[in-house]
Amino acid sequence: MSKERIGVYICHCGTNIASMVDVENVAVWAKENLADDGVVVARDYKFMCSSLGQELIQDDIKEKGLTRVVVAACSPHLHEQTFRAACAKAGLNPFLCEMVSVREQVSWVHTDKAMATQKAKAMITGGVERVALHEPLEPLHVPINEATLVVGAGIAGIQAAIEIADSGFPVYLVEREPSIGGHMAQFDKTFPTLDCSACILTPKMVTAGSHPNIHLLSYSEVERVDGYVGNFTVTIRKKARYVNEDVCTGCGICIEKCPMKVIDDVFEAGLGYRKAVYRPFPQAVPKYPVIDTENCIYFQRGKCQACQIFCPTQPNSIDFEQEDELLQVDVGNIILATGYDLFDARRIPQYGYGRLANVFTSLEFERMCNASGPTNGAVRLRDGVTEPEAVAVIHCVGSRDKNYNNYCSVICCMQSLKFAHLVKERAGPNTEVYNFYIDMRTAFKDYDEFYQKVLAEGVHFVRGRVAEVTDAARLPGEEGKLIIQAEDTLIGKQRRVPVDMVILSAGLEPRHDSVEVGHQFGISCSVNGFFTEKHPKLDPVATMTEGIFIAGCAQGPKDIPASVVQGAAASARVLGRIQQKELALEPVRASVIEEKCSGCRICNTMCPFNAILFHEDQMVTEINPALCQGCGSCVAACPSGAITGTQFSDQQVLAQLEGLLMLSVNGGRVLEPEMA
Amino acid sequence: MKYNYYPGCSLERNASAYHDSTMAVAKPLGIEFQEVNDCNCCGAVEFMAIDKMQAYALIARNLSLAEQQMSNGENLVAPCSACFLNLSKCDAYLSASPALADKVNKALAAGGMHYTPGQVHTRHLLDVAVNDVGYDAIAKKVSKPLYGLRVAPYYGCLIVRPGFLDKFDDPEYPTSLDKLMRTLGATVVDFPMKAHCCGGHMTQISEPVALYMIHQLLKNAADYEADVITTICPMCQLNLDAYQHNVNKAYGTHYNIPILYFTQLMGLAFGLSAKKLGFGKEFISAAPALIKIGVKPPKKPKKKRPSKQELPMPVMPEEE
Amino acid sequence: MAEQKQFEPLIIGFTCNWCSYRAADLAGMSRKKYPPNVRLIRLMCSGRLDPAFVLKALQGGADGVLITGCHPGECHYLEQNYKAYRRYVLLKRMLKQFGVEPERVKLIWASAAEGVRLAEEITKMVEEVRALGPLNWPGVAAANGDRLIHLTEKEEVAA
Amino acid sequence: MSDKGKPKLAMYWASGCGGCEIAVLNIQENILVVDEVFDIAFFPCIADFKVKDVKGYPDGYIDLCLFNGAIRNSENEEMAQLLRQKSKVMVAFGSCAYEGCIPGLSNLTSKEATLHTVYLDNPTIDNPEGILPQPFYDAPEGTLEIPVFYHTIKSLDQVVDVDYTIPGCPPEPHQIWTVLQAVVAALLEGADLPPAGSIIGAGNVAVCQECTLKKDVKKIERFYRPYEVIPDREVCLLEQGLMCMGPATLSGCGALCPIVGMGCRGCYGPLDGVEDQGAKMLTAIASILGVGKPGEDEAEIERQLDAVMDTIVDPAGTFYRFSMAHSLLRRAKVNGR
């Protein structure tokens, strides 16, 4: 006879549950059959999560003196907080309320009403047996360090950093490349406004670079992350620039004098050159150059040192002995805005990228259009001289393709329209431009108007996926041209379009190391490889790990406005946390019963969060509740049963198990000893 | 390594050069072929279009013979692309649909035969040479490398297409024959139409269409200054070789490109005699091209200094 | 019951809160049907699963036990599913000695996005256990009370 | 108590090895104190008593009954029930009575297989007609009767209510003596007895606490059989790959075995609150295996795990060497039974 007074509430969820589970019958059944398990009231109601539904519970708690509540409704991931809050308001400790998921795990997934009702009864029995053993708990309060770490200084990271810094809290902005700015810094124009990318980005970069509250750590990478929400300890490797930042004025003489010219396949996307000592682009923030040791003659063959010789500063800011620095910072929250990698177009051999000279990727064309790019903004073929008379822009390269990436990369359509406009603008209005698309996706503000404008400029749009780009001329007029073989689905014919230049709108892919980075920060990646958000619709900037937020293309392909919005959203979430000064964490923790611990140390290797520590003197193990994340692996490992975990103790789980085993699958008690 | 061998109809007669050269290179490659006796024609490309059931039964008869006579592993090698495709597709369809397998087996029962789908694993000769023997093993056997010979590897449209388990190269841009030719020391011409169709039996159905397609191939190979086109399919060899003078007549061109089987070139590189490799049976004589085979490897083209304005080219993976 | 109903196995499922439980939720949201023979218990992590839970389930009347967790490398607690896997492998070896057919205890990794796959795996397992028939562990029968009632074993005459 | 003279002591030997009786004698000269305090009412091992004597006693006549040995056949069960009826305090004495002990391992096989091995398929057996023991045999003189051989061995508490349990195989003499003193104190001076159903004569922590070997963080690559390696006598044996059930076994024996270099076998049974000793040891061993590290591919991990687990010979027999009959599963299911 359980001495608890338990209230059981079964939700209809409109018809979601009631259509497949006979909720009235279950309520009556629970009242009769579980009375000796402590059930004193069992009700069914149309919408338990509604305020009326919650009042039902609250009134019962007050009037009937309930000590436990079981709500059979949707998944705990949806309304556990709602019902816990309702119980708390009525004076019952929130952790004495248990949810049983009879919607996601019963009504929505089963077809036989009798069996579904039976399963609901069994699961409610499990819930009742379990909740009887719940103890009242108080959430763990963890102080929040007001500093924040932002990883990745593309537009999303910059936006997040500035918003937090403007609110007066310190930010550590870590960027892997020598300069901040991310992919956006590579573009010439941005759609749909055709603003010059640098003009709208540089002011934010300068703000971020000089903001008193932003500690900018460029050319640096995060090595290690320890601790937990509110108290992360992050080890950052500040890679050696071989330039003394305190002395260097950024005059750039060393860059001029450096004799070693190399292809820049990061910022210039392989289309331009840079020196061994270089600054990615003129408006780089910070302005200090970096020495690329792989190509620097001094580092490779010990000669030259031209940069040091011509450096005007005293003492000389070129310092070949500079070492990587390891810094350790304490932060309360982390925002990952690590951006995307471009799809490698060489993976589609039939488009000829890498084989046919005049096939370019989108980033290569962006650099070509940029005034500070290799062709100073002029549209040129690979020989750098001839201007194309006809250009083809191919959409969805590597996206919406079951052989490569299933998803749509969101920005390629608009980007391709921008390219079409830029070709018309730079190479003359009578240059023929053909855009090969599957579906024209111009969904956001002023996007479709831009599409109409490009249409008006006389760009040809061919609806069909390109089968092949070849230089094997077949018909007259195809000599010396690149021929686009595609099916034009609107006229139902195969078309061969001869052009001089092809631009591949390559899709956006997750960073090549996104899995390792995810592992480092304790978050997982989704099927496509982008970081997994807490909830795709309702919580896209948070992750399942408390204190870790994501923004921009790291969470999935998106355009610049969306990245800025997510950067700001993530910073808002962090600011909310900082204002709270402390965070109430789920009190799911493990703890050692001291008098039962024999000091066998079996559990000592169980904790990746270093929450388990052993006291040599008393030969006893202790668990640091602050570091413990509540996974329970040590509880299951302890051979003496000396470690117990709140909310998931052995007794609670075994009680639920016993409850679940009460009823057979199709009616009748499973354990009537069969009359063998 | 032992394999069962399915010559098909062409290798007996009009593609005997392919058969002779295959048998000749088998020894150096360390392959033993055991011919499936009493096998019949595979129905090539057309029969499947006329009556599917009869076509499958015809092909399945070969598979059933192979299954019975298997003594050395379940691999059946078919040098001809059409045979390879038909055998591989038929086995795949029978495994996929038991109903079809029953019908076909009922038909085979008339001849007292039966085939259990999935038993025979069809392989193309190129796949066996490249993947089972391997480039390194082949390289070791090369005694007279084909230095200086510009070879255009032509795959045809069949062997790279089947989406079944027997696919061994990229359907859009195959490279296995290219690598093989490079291993033999030849200079490989990477001509774009290497996986386009040679017209197949179109030469009988509508000659102008066939000539148009053959002309494209020859033109593309000639544009890239190929000395020789090497192929892996008797059908392609026949169309490109026998109809070359028809194309010249129809299009006023003067192509004189010999069309050789890749096994013939391998034989040459292994130092075997031209006679044994079936040289001389081709319409366009291979003699003028073979003279070009030099003794020393051609000088590597010097990387010319990029002109000031020239934009750098992206690097392809294997050259990286 | 009039006609002999087919045997309905009872399978207890242990899920981890972060991946496989959310996969079950996703199966629900996508209305992916699967047989009602599985009843899930939510643990914080597959590493929390104590082999004693599995033994308790088998002895208490379950015909099969399904253990699920995040794919190796995707554990919310970094690596605890590796420990769960080790315990599972050793437990399976011991259960063989106890005469428990291997198909009755199964471990499946399921990420939060694999709702449909989890439902299919559940359906497959239910059929496999149905084919094996009831486990009915000898000698002990749990009843509603707190103490286990020991079935007095009917002693048959010596062989 | 006084009217009936000295308190009555009984000790019965059911299905066991008799080591427990010897352990009682091992309390050295204290046996004289026992003799002084107690009247032996029934102790077949040391003096001639007949069952009918016990049947003659009034209920509750025996003050303390030390019942050792598991319930293997119907006679064991009948005697258990009889002594329970006649005794005030019933003690499950030793591992056999407590949890089945070594005899309990026969639960991994079946009754038929056991009889087959003993009476038919055995090098020293000459039983051409294949005769097996029958419970009844009609001899001219009358029907002979022998106990029925059970398919499953049961522990004492699975047939009668047990007041106290003294674990151990055999229980340590000094523990026996402390228990007897407690009982004597209770009987003569009216001191209160320990709470009913508790385990007495043992510690409340695992053997590791009493074990003096140095313990460190455990990462085991493989296990060794005792004969394969000479252990370092200063360091925890488990860390050297020797199977030791110490972490999951109740202390009280003073870690006798590990101290002499032999891994604990778990004879003092599980810790208080632990329902299944074997499961606890299994999860402990599995948790400290140093193979199958994150980042390796799954096939490689599986291969490594199989290799290590091949070195754990007979997991069921090892983890349930003493507690088989008292474990959750209690027995193996052999062809349906």
Side-chain angles (χ1 to χ4, degrees), chain A residues 133 513 515-520 522 524 590-622 631-645 649-655 657-658 661 674 676, chain D residues 203-220 235-239 243-252 255 258 263-264 266 268-295 319 328 336-337:
Chain A
L133 300 179
D513 60 354
V515 175
E516 292 81 37
V517 169
H519 201 70
Q520 202 176 27
S524 59
S591 60
V592 176
I593 305 164
E594 200 131 333
E595 52 284 3
K596 278 188 137 191
C597 171
S598 67
C600 69
R601 305 192 68 171
I602 293 262
C603 61
N604 285 187
T605 55
M606 285 296 107
C607 189
F609 305 102
N610 309 328
I612 297 181
L613 31 97
F614 183 68
H615 299 295
E616 293 285 348
D617 39 19
Q618 307 129 347
M619 290 299 286
V620 160
T621 297
E622 191 209 353
C631 73
S633 302
C634 56
V635 180
C638 174
S640 311
I643 306 180
T644 176
S649 70
D650 284 353
Q651 297 73 12
Q652 285 161 357
V653 174
L654 290 175
L657 176 62
E658 208 161 304
L661 292 173
E674 268 91 24
Chain D
N204 51 25
V205 186
V207 170
C208 300
Q209 196 198 32
E210 290 179 337
C211 172
T212 55
L213 302 184
K214 195 186 150 319
K215 289 172 271 299
D216 204 332
V217 174
K218 301 182 188 345
K219 267 218 176 314
I220 300 174
V235 171
C236 165
L237 302 176
L238 190 56
E239 285 161 31
M243 180 59 76
C244 174
M245 296 276 287
T249 308
L250 206 54
S251 63
C264 159
Y268 262 62
L271 275 297
D272 179 28
V274 169
E275 206 174 344
D276 188 302
Q277 183 182 13
K280 272 298 163 193
M281 201 55 211
L282 182 142
T283 184
I285 293 294
S287 306
I288 54 174
L289 293 183
V291 290
K293 295 183 198 44
F319 298 140
L328 277 171
R337 261 178 357 104

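Computed from a predicted structure; not experimentally measured. To find a chain, count down the sequence lines: A is the first, B the second, and so on, and within it residues start at 1.
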Give me the atom names and distance for the closest heavy-atom approach of [X] to [Y].
| X | Y | result |
| --- | --- | --- |
| Cys264(D) | Val207(D) | SG-CG2, 4.4 Å |
| Lys215(D) | Gly599(A) | CD-O, 3.3 Å |
| Leu654(A) | Glu275(D) | CD1-OE1, 4.5 Å |

Considering only heavy atoms and a distance below 4.5 Å, find which of [options] pairs most often with chain A.
| options | answer |
| --- | --- |
| Pro247(D), Cys236(D), Ala206(D), Cys208(D) | Pro247(D) |
| Val274(D), Asn204(D), Asp216(D) | Asp216(D) |
| Leu238(D), Ile288(D), Asp272(D) | Ile288(D) |

Let me have the donor-acceptor pairs involving side chains of residues 612-622 of chain A, under 3.5 Å, with sequence neighbours excluded, atom names and distances please.
| unit_1 | atom_1 | unit_2 | atom_2 | d |
| --- | --- | --- | --- | --- |
| His615(A) | NE2 | Glu622(A) | OE1 | 2.8 |
| Glu616(A) | OE2 | Arg601(A) | NH1 | 3.4 |

Handout entry: salt bridge (Lys or Arg N to Asp or Glu O under 4.0 Å) partners for Glu516(A), two or more places apart
Key = none
Exercise for the section: In sequence, state the C-alpha distance, the side-chain angles, and the governing distance for Lys596(A) and Val205(D), and then conclude on side-chain contact (heavy atoms from CB on, under 4.5 Å). Expected result: CA-CA 5 Å; Lys596(A) 278 188 137 191; Val205(D) 186; over 6 Å; no
Practice task
With a 4.5 angstrom heavy-atom cut-off, could you sort out which part of Ile285(D) is near chain A: side chain, backbone, both or neither?
Solution key: neither
Handout entry: Which atoms of Val217(D) approach chain A - backbone, side chain, both or neither, heavy atom under 4.5 Å
Key = both
Handout entry: Side chain to side chain, Pro270(D) and Thr249(D), heavy atoms closer than 4.5 Å
Key = no
Practice task
Would you please go through residues 634-642 of chain A and name the residues with a non-hydrogen atom below 4.5 Å from one of chain D, in numerical order?
Solution key: Val635(A), Ala636(A), Ala637(A), Cys638(A), Pro639(A), Ser640(A), Gly641(A)
Handout entry: Partner residues of Ser251(D) under the side chain to side chain contact (heavy atoms under 4.5 Å, CB included) criterion, sequence neighbours left out
Key = Glu210(D)
